[in-house]
Every structure is written in C-alpha cells, then in structure tokens.
Asker: 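I am attaching a structure below and will ask some questions about it afterwards.
In this text the structure is predicted, and so the values were computed from the model without any measurement. Proteins get letters first, then strands, A, B, ... in listed order; numbering begins at 1 in each.
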There are 2 protein chains.
Amino acid sequence: MSDTSHRRERLRERTLIEIKDLARAQLVASGPAAISLRAIAREMGMTAAALYRYVPALDALVIELCTDLHNEVRLACEAARDADPDPDPLRRLLVMARELRRWALAHRPEATLIFGPPLPGVEQFHQQCDDLQCAGAQLGQIFVEPMLELWQAGRLPQLPHVDLDRLAGALPAHGELPIEVTAVFLTSWIRLYGVLAAELFGQLTWAATDTEPLFEAELASFAAQIPPAASPSAATLEESRPQASPEPASL
Amino acid sequence: MSDTSHRRERLRERTLIEIKDLARAQLVASGPAAISLRAIAREMGMTAAALYRYVPALDALVIELCTDLHNEVRLACEAARDADPDPDPLRRLLVMARELRRWALAHRPEATLIFGPPLPGVEQFHQQCDDLQCAGAQLGQIFVEPMLELWQAGRLPQLPHVDLDRLAGALPAHGELPIEVTAVFLTSWIRLYGVLAAELFGQLTWAATDTEPLFEAELASFAAQIPPAASPSAATLEESRPQASPEPASL
DNA sequence: CATTTGAGTGAACGGTGTTTACTTTCGCGG
DNA sequence: CCGCGAAAGTAAACACCGTTCACTCAAATG
C-alpha cells in the first residue's frame with residue numbers, strides 16, 4: 001500500500017535534509033558565497049545533476065536555508081523568553097533581544113546570511129520569497145507581542161519625533177496593529193538591527209573592539225522609556241542583566 | 001628621457017581607471033557578486049589574463065573599489081556640509097546624515113558593497129585592507145568633528161546608559177578623543193547605520209514601505225538631545241528639514 | 001642598433017550552475 | 001512472480017568564473 005510509498009517519501013525527505021545540512025556546513029565553514037551544489041553532491045557521493053531532483057536551483061536552496069534559519073533564531077528567542085519566569089513584557093523583550101544577539105554572534109555566518117543583503121536572484125522563486133518574508137515577519141512578531149501588551153498597559157512612550165500620519169501611509173496591508181505600537185516597534189527594531197548588523201559586518205572594527213556596552217546601552221535606553229510594571233518586579237533591567245560574558249543558564 | 005615613461009604611466013593609469021569604471025558598472029548593473037574580471041576584459045576587448053598586469057586579483061580590485069566608494073560618499077557628505085552656510089555643528093551633522101542616506105539610496109549597489117558584509121578573501125590583501133579601514137574611518141571622522149565641537153560647547157548629552165569604563169577598555173589605539181564624545185558618536189553612528197542598513201538590505205520591507213519617517217525620527221531623536229546653539233539659528237532641525245521628497249538644492 | 005622591459009595573447013587547470021539524454025533502481029498492480 | 005512505469009542517478013556537455021604559465025610583440029632604454 002502507501003506504506004512503502006511513505007518509506008520512499010521518508011527517504012526523499014532525509015536526503016533533502018542531508019542536502020540542507022551540508023549546505024549549512026559549507027555556510028558555516030566558508031560563508032554564504034561558498035554554498036555550492038557541486039560540493040554538496042561531492043560530499044554526498046553523487047552527481048550535481050542529481051540534486052536537481054530535490055532542489056530546483058541553488059538560489060532556491062539558499063532561500064529555503066534562510067527561512068529555516070529565521071525559524072531557528074525565532075525558536076531560540078522564544079525558548080529564552082519562556083525560560084524566564086518573569087511575565088513582565090519589558091523583561092521578555094530584553095531577554096529576547098539578548099538571545100537574538102547571542103545567537104547571531106554564536107552563528108555569525110548564518111546571521112550574516114539572514115541579516116545581510118539578499119543574494120542576487122531572489123526576485124525569482126516568488127513562493128519561497130513569500131515564505132521567507134513570512135519567516136522574517138514571524139521573527140519580528142514575537143517582539144511585537146510584548147510591545148502590544150505594554151501598550152495595553154499604558155506603558156508605551158509617546159515618540160514625539162515620529163510622523164505617525166506619514167508612517168501610517170507607508171505600512172503594508174496587515175495594519176491590524178495600533179499605529180503607536182507599530183512606531184515603537186519599528187524604531188526599536190531598527191536600533192536593535194543596527195547594533196547587531198554593525199557588529200556582524202565589522203562596520204565599527206576601526207572604532208571599537210567590544211560592542212557589548214553599546215548593545216547594552218541601546219537596551220537600557222529603550223528600557224528607560226518604559227515605566228516599570230505596576231505590581232511586582234521592579235528594577236527589571238538590572239535583574240536581567242548578565243553579570244559576566246558567559247550566559248546565565250538559558251539554552 | 002622620462003617623458004615617454006610618463007606617457008606610459010599615464011596610459012597605465014588610464015586603463016586602470018577604465019577597469020575600475022567597468023567594475024563599477026557591473027556592480028551597478030548586477031550587484032557585488034557580478035563583478036567579474038573576464039567580463040571586464042571582454043568589455044575592454046582584452047584577455048582576462050591581461051588584467052593581471054594591473055590588478056593582483058579580483059578581490060584586490062573589489063577592495064580598491066570599496067575604498068574609492070568610501071571616499072566618494074565622504075566627499076559627497078563634505079560637499080553637502082560645506083554647501084550649507086549654517087556653522088552650527090548640529091545642523092552640519094543633520095545635513096551630512098541626510099546626504100549619506102540620499103547617496104546610499106541613489107547608489108544602492110555601491111552602498112550595499114561598502115555597508116554590507118565584507119566579501120570573503122578580505123583577510124588577505126592586508127595593505128589594501130588598511131586602506132579600506134582608513135577610508136571607513138575617514139568617513140566616520142567627518143561625523144566626529146562636529147560632535148567634538150558640540151562637546152567643547154558643552155552641548156553633548158550625558159548618555160547615562162553607556163558603561164563608559166568598559167567602553168574605554170574596548171577602544172583601539174587612537175583614543176585621542178574624549179570618551180564622552182566617543183560614546184555619543186558610536187551610539188549615534190550605530191543608529192544611523194541601522195536605519196540605513198535595514199533600508200538597504202530590505203530588512204523591513206515586510207513592515208514598512210517608506211522608511212523616511214523612521215530615518216527622520218532617528219535624526220529628530222538625536223537632535224532633541226542637543227540644546228540649541230547659544231547665539232543664532234534656533235529651530236535648527238525644522239529649518240534643515242526638506243519639505244518634500246526631492247532635495248532642496250544641494251548637489 | 002641591440003636589449004631589456006612591459007603589455008598582451010592563448011591555452012590550460014580546476015571550479016561553478018544548469019540542462020539534456022540516458023540508464024538504473026525499485027515499488028506497485030496485474 | 002513479473003513486467004511496467006515512475007523515480008533516482010549518471011555522463012556529458014555548455015557557458016561561465018579566477019588564476020597561472022609560456023609565449024609573442026612592440027616600445028622605451030642604453
């Protein structure tokens with residue numbers, strides 16, 4: 001029956017996983033530009049042409065790898081968030097932001113691939129691009145949720161410098177969110193992305209070697225805008241700050 | 001005598017310029033990964049091997065192109081700064097920041113090359129890497145100068161969230177600058193870089209289509225920290241803000 | 001004028017993505 | 001059990017790429 005058919009489907013899925021694993025190994029070893037179908041096939045003891053039974057083209061493989069990595073870093077952030085018992089949304093945001101940075105610095109080539117400029121030939125493969133957009137949006141979404149909670153609790157700052165009207169006109173269809181939350185999210189996300197990307201891409205190696213003070217300053221500057229939670233858990237920032245370079249106990 | 005030798009040198013220099021021009025044309029047309037020695041040679045009616053009389057390798061050519069682009073964007077910012085009669089350092093900073101963004105969006109492939117992750121094989125070519133670092137530092141330097149002036153005028157904010165002691169330990173040798181100025185510069189540069197890179201690399205195409213409000217908000221948030229100049233020219237920010245999308249009259 | 005230097009060529013090596021035609025393997029229905 | 005058909009894999013080719021090496025040829029130098 002379809003049992004044996006399932007077996008071959010499983011085999012097929014396994015080789016596809018093997019392909020993606022080898023692609024990631026190349027990415028880790030030699031950077032995004034070194035991902036090569038021929039090298040993957042060589043490593044698998046196959047011909048390069050055989051890989052086209054599993055992947056329509058190299059770019060499609062890279063795009064799929066990108067969405068996988070987006071999901072991986074999102075799961076890491078969610079795990080760090082859930083490992084922390086404190087329900088304060090601000091605390092959750094800080095924990096997730098630190099985990100995002102930790103993951104990126106622990107997986108520099110992968111982070112470069114997903115946070116750096118897109119490879120050429122991305123405009124094709126529309127379906128997978130939608131998936132990628134979706135994965136990227138989901139990563140952002142886990143940061144939106146706590147901000148929405150903060151807004152509902154009346155703890156979101158005013159942002160007098162953002163032109164809310166013009167910004168409202170520049171948002172895509174899914175404008176379910178209050179514009180104030182969107183504004184706070186975008187400005188915060190940009191700052192988080194900035195310090196991370198600058199570090200990843202070596203944009204300030206000429207200016208500073210240890211960028212963690214700058215990252216923590218960005219976090220503290222954000223946290224200072226948010227009034228502390230009403231009932232318990234004051235001094236949220238200081239509590240959640242790691243004492244030394246190594247991680248406390250999460251992941 | 002050396003007259004004819006000079007002529008040869010001139011010819012050599014001209015072909016080298018032609019090589020770099022064609023490399024840039026490829027960059028503009030098809031992105032950083034599309035720069036190819038063979039295509040340049042084809043366009044010049046030559047053999048690829050002949051290019052090795054002028055360039056030691058492809059990576060070296062790309063690195064040289066990077067330093068040229070760094071200088072070009074720096075000159076553009078300096079020109080915009082000098083075209084503005086207002087001597088207020090804050091005003092100069094805003095003008096330069098806007099010109100930086102304008103240049104980057106008007107030259108997306110070039111900006112992607114110099115602000116994105118470095119291409120592999122950059123660790124070799126140490127001399128040219130030093131030049132590149134130097135060019136990058138010079139670009140940052142033109143933003144440091146006005147900040148130093150602001151500091152001398154006592155107009156720099158406090159930055160209570162930056163761990164100055166730890167940051168001081170993470171700075172390279174050229175620590176000529178007061179640590180407060182360095183801190184303000186680095187945090188501001190990171191934010192400027194963040195909004196620019198996010199825009200360049202399409203990191204928030206899923207969240208917003210028009211990012212100028214976010215850029216202007218970042219600028220306004222920075223300017224709000226700086227008290228206005230003592231004598232003339234109040235409302236520096238509003239004056240220098242362009243009314244519509246096109247540029248006022250600079251460059 | 002002879003010679004040395006530099007520019008340029010042609011061929012080759014090893015690498016890449018991708019396509020096409022062909023062969024082999026293997027599960028499934030009769 | 002056996003043949004069929006689909007799926008998996010191969011070999012060869014095409015068009016690129018960076019890089020090297022031996023070689024030619026013209027031009028500047030003494």
Asker: Could you tell me whether the side chain of B:Q138 and the main chain of B:N71 form a donor-acceptor pair under 3.5 Å?
Answerer: no
Asker: Starting from C1' on C:dT16, measure out to CG on A:L61 and report it in whole angstrom.
Answerer: 15 Å
Asker: Whole angstroms only, please: what is the OH-C1' distance between A:Y52 and C:dT19?
Answerer: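 Interatomic distance, OH of A:Y52 to C1' of C:dT19: 9 Å.
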Asker: To the nearest 0.5 Å, tell me how far B:D210 CG sits from A:L167 CG.
Answerer: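 Reported to 0.5 Å precision, the distance equals 8.5 Å.
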Asker: What is the distance, rounded to the nearest whole Å, between atom CD of A:E13 and atom C1' of D:dA7?
Answerer: 16 Å
Asker: Would you list the pairs meeting salt bridge (Lys or Arg N to Asp or Glu O under 4.0 Å) in which at least one residue belongs to residues 108-118 of chain B, sequence neighbours left out?
Answerer: B:R24-B:E110
Asker: Salt bridge (charged side-chain N to carboxylate O under 4.0 Å, His left out), that's the test. Do B:E99 and B:R81 meet it? Break it down for me.
Answerer: CA-CA 9 Å; B:E99 173 61 19; B:R81 173 196 64 187; over 6 Å; no
Asker: Which distance, rounded to the nearest 0.5 Å, do you find between the CH2 of A:W206 and the CG of B:L171?
Answerer: 10.5 Å
Asker: Just do the side chain to side chain contact (heavy atoms under 4.5 Å, CB included) check on A:R166 and B:E216 with the steps written out, would you?
Answerer: CA-CA 11 Å; A:R166 177 157 180 194; B:E216 285 296 332; over 6 Å; no
Asker: Please state how far atom CG in A:L51 lies from atom C1' in C:dT16, giving the value in whole angstrom units.
Answerer: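 It is 13 Å, rounded to the nearest whole Å.
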Asker: Measure the distance from CD on A:E18 to P on D:dG9 and round it to the nearest whole Å.
Answerer: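 After rounding, the reported distance stands at 10 Å.
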Asker: Can you sort out which residues in residues 34-44 of chain B have a heavy atom within less than 4.0 Å of DNA chain C? Ascending by number, please.
Answerer: B:R38
Asker: Taking the basic N atoms (NZ, or NE/NH1/NH2) and the acidic carboxylate oxygens, is any pair closer than 4.0 Å for B:E78 and B:R74?
Answerer: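 Result for this pair is yes, salt bridge flagged.
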Asker: Between D:dA28 atom C1' and B:R10 atom CZ, what is the distance in whole Å?
Answerer: 16 Å
Asker: Donor-acceptor check, side chain of B:Q203 to backbone of B:A197, threshold 3.5 angstrom: yes or no?
Answerer: no
Asker: So which protein nitrogen or oxygen atoms get under 3.5 Å of nucleotides 3-8 of chain C's nitrogens or oxygens?
Answerer:
| from | atom 1 | to | atom 2 | distance (Å) |
| --- | --- | --- | --- | --- |
| C:dA7 | OP1 | B:R12 | NH1 | 2.6 |
| C:dA7 | OP2 | B:R12 | NH1 | 3.4 |
| C:dG8 | OP2 | B:Y54 | OH | 2.6 |
| C:dG8 | N7 | B:R53 | NE | 3.1 |
| C:dG8 | N7 | B:R53 | NH2 | 3.4 |
| C:dG8 | O6 | B:R53 | NH2 | 2.2 |

Asker: Given atom CD of B:Q26 and atom P of D:dG18, what is their separation to the nearest angstrom?
Answerer: 9 Å
